[in-house]
Structure formats: structure tokens, C-alpha cells
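Below is one structure; the comments refer to it alone.
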Amino acid sequence: MPYVPAKQPESTSRILSRSLELYRRTFFHVFPLALILAIIAFIPRLITLMSGQDLLTTLPNLSLHKIWLFLLDVVCLIIMLAILWCMQSLTSGTKETFKIDFQVALKKFPLIIVAAIIQSLIFMSIMLVTYGFYIILLQYHLLFQTNIYAVFLLSLPMTIAWILYLYAFYLFYFYLPLILTENAGIISSLVRSAKLVWGNWWRTFRAQVTPWISYLIVLILVKYIGHVNLHIYFIKVNTLSLSATALHIFIFALFLPWFASTLLVQLRDLELRKKPKPAKKVAAKKPTP
């Protein structure tokens, strides 16, 4: 029995429940792709294990080896697009081959890259305005004030900038599935994403961070209760092992389809919320004799 998309807007808890349902129904189709993506994403860490050097921190910024890291990101994005397309096709009751999934992903990839660049320029402009503000303060010798009120006022622009950055990040969050699954253009995908999220930002944020927070909680439980020395973001790790890295890859691959299903399910929910409501028919009054 195929997955049945929502017919009307739903609560955040129902969106997450529906995303898990989509995850369950499509898991065996997309998990091989998710596992390949996870392995590729962890290649730098695997190289670190074999070489004994942290690849990400020891390489100079202009090193040609950085190109390989960029190419790994490109391959991971293409596989993620294939996962999303596979899920989308399965929701419509069609089952396509991995070859078709990758053909669609490669076809949409250039548009998504250009949209991502535009999105990055928007983020960069927020940071540049903030940076320019502090340059002006530095010229007038106002940057190194020790007064507590001055410190608060000086930290305020940076705080506002990060809030705007986070807001803009989720405002344009759905440009990727819009280009991939609905043939939206580069600019129209960004504009439409902003329109869909506008007025629903907190609902979007809650739903989209839940799988990531769940992933982080699982890693912490495995690390501190299961006593497996996993590398968790900014938590310092003393030694890496191949077995712990392999377990980390497997956990990441398990969660990847949930990240994708939540994205697709909430996009559908936001479109239903922005869908114009049908006008109520007003019964014509009978003429009085």
C-alpha cells in the first residue's frame, strides 16, 4: 500500500509522525543510497584513522587536496537529491530505478547549486553588514569598551545578525525540494520557499530540527551509556577507532532518510497552508413578489 500524502494542514507532531510513516514505507528503497552517502561523508575521518593526521585541520586553505573534499560534498549532495527523488516518486505510487533517481538528481543539480550560491550571498551580506558596523566602531576606538552597558550594546549587532542568519536559513530552506520535485526555477524556488515559510517559521524550525536533535541524542546515548568513543561535533574525543566510526556511519545512514522525509512532508504541509481556500457559495436570494 503506497504512502498517502496529507490532504489538509496538520500539527507539528502529526507532521513528524507522518514523516516517520514515509520513512518506514520507503526505508528499504533508500537505505542503500543513505549508507553510500554516509560512507562518502565519513571518508575524511576514515583517512584520519589510517594516516593518524586530522585531514580537515592540517591541510592549508589553498591546498589542492581541498578540491577532493569539495568533490565529496558534491557527490553527497547528488546522492541526497536521489534519495529525495526516490521518496517523492514512491509517494506517488511509482517505483523508479536508481538510474532514473540519479539522472533526475544530475539534471537538477546545476539549478540547485546556483540557488545555493544565491542563498549563500544573502547570508554573506548579513555578515558583511555586521562586519562593516564593527569596522566603523574600530575606527572611532569604540570597540574595546569595558563598561558593561557598552559591551552589551556592542554584542547586540552580532546577536541580531545571527538571529537574521538563522531566520533566513529556514526561510529559504525548501528551495532544494521545490527545484527537484516541482520543477521550480532558481529565483522562483527561493521566493516560493520564503512565501511558504513566512508566518510558519517557528512551525518549520520545530519540525526540521527534531530529527537532528534526535540524532544527536542517540549519539550521546551511545557515547556515554554504551561507552563507544564517537566523535560528536564539538565534543572532544581522545582516540578514534574503526569500529566506532563504522557504528557512527551506520547511525547516520539510519537517520538520513528521516531528514529527507521530514523535508518532503513539511513542504506538502506548508503548501496546503498557503493554498487559497475555496470561496463560499452564497445562496441567491429569491426575489420578493
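What you are looking at is a predicted structure, and each value in this text was computed from that prediction instead of being measured.
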Could you walk me through whether V191 and K195 pass the side-chain contact (heavy atoms from CB on, under 4.5 Å) check?
CA-CA 6 Å; V191 173; K195 288 181 178 180; 3.8 Å; yes
When rounded to the nearest 0.5 angstrom, what is the spacing between [atom1] in [X] and [atom2] in [Y]?
X	Y	atom1	atom2	value
F250	L254	CZ	CG	4.0 Å
T130	W162	OG1	CH2	9.5 Å
S241	H248	OG	NE2	12.0 Å
Q119	Y173	CD	OH	10.5 Å
Q266	T204	CD	OG1	4.5 Å
I112	L77	CD1	CG	6.5 Å

Quick one: does [X]'s side chain get under 4.5 Å of [Y]'s, heavy atoms only?
X	Y	value
P44	L72	yes
T26	P257	no
I220	L216	yes
I36	I79	yes
R203	V197	no
F205	F169	no
F255	W212	no
V209	Y170	yes

Donor-acceptor contact present, side-chain [X] to main-chain [Y], <3.5 Å:
X	Y	value
S120	A116	yes
S188	A184	no
S193	S189	no

Can E182 and L267 be said to form a side-chain contact (heavy atoms from CB on, under 4.5 Å), step by step?
CA-CA 11 Å; E182 301 188 16; L267 174 59; 4.0 Å; yes
I'd like to know if [Y] and [X] are part of one continuous hydrophobic network [Ile/Leu/Val/Met/Phe/Trp/Tyr, side-chain heavy atoms within less than 4.5 Å].
X	Y	answer
L20	L90	no
I251	L221	yes
I160	V129	no
I117	F109	yes
M124	M127	no

Heavy atoms only: give me the nearest [X]-[Y] pair and the separation to one decimal.
X	Y	value
M87	S261	SD-N, 3.7 Å
L256	A38	CD1-N, 4.3 Å
C86	H29	SG-CB, 4.2 Å
A207	T262	O-CG2, 3.6 Å
K274	W198	NZ-O, 2.9 Å
L16	W258	O-NE1, 4.3 Å

With salt bridge (Lys or Arg N to Asp or Glu O under 4.0 Å) as the criterion, how do R192 and E271 come out once you've worked through the C-alpha distance, each side chain's angles and the decisive distance to 0.1 Å?
CA-CA 10 Å; R192 189 174 173 193; E271 288 177 332; 3.0 Å; yes
With respect to Y167, which candidate in W201, F123, W202 satisfies the ring pair (Phe, Tyr, Trp, His ring centres under 6.0 Å) definition?
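By the ring pair (Phe, Tyr, Trp, His ring centres under 6.0 Å) criterion, Y167 pairs with just one of W201, F123, W202: W201.
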Given N200, L196, I15, T12, the one that forms side chain to side chain contact (heavy atoms under 4.5 Å, CB included) with D269:
I15
Apply side-chain contact (heavy atoms from CB on, under 4.5 Å) to the pair L49 and F42, showing each step before the final yes or no.
CA-CA 11 Å; L49 274 171; F42 275 76; over 6 Å; no
Are the aromatic ring centres of F98 and F102 under 6.0 angstrom apart?
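Not under 6.0 Å, so no.
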With a 6.0 Å cut-off on the ring centroids, do F172 and Y175 count as close?
no
K108 vs N183, side-chain contact (heavy atoms from CB on, under 4.5 Å): CA-CA, chis, key distance, verdict
CA-CA 9 Å; K108 299 294 184 179; N183 293 317; 2.5 Å; yes
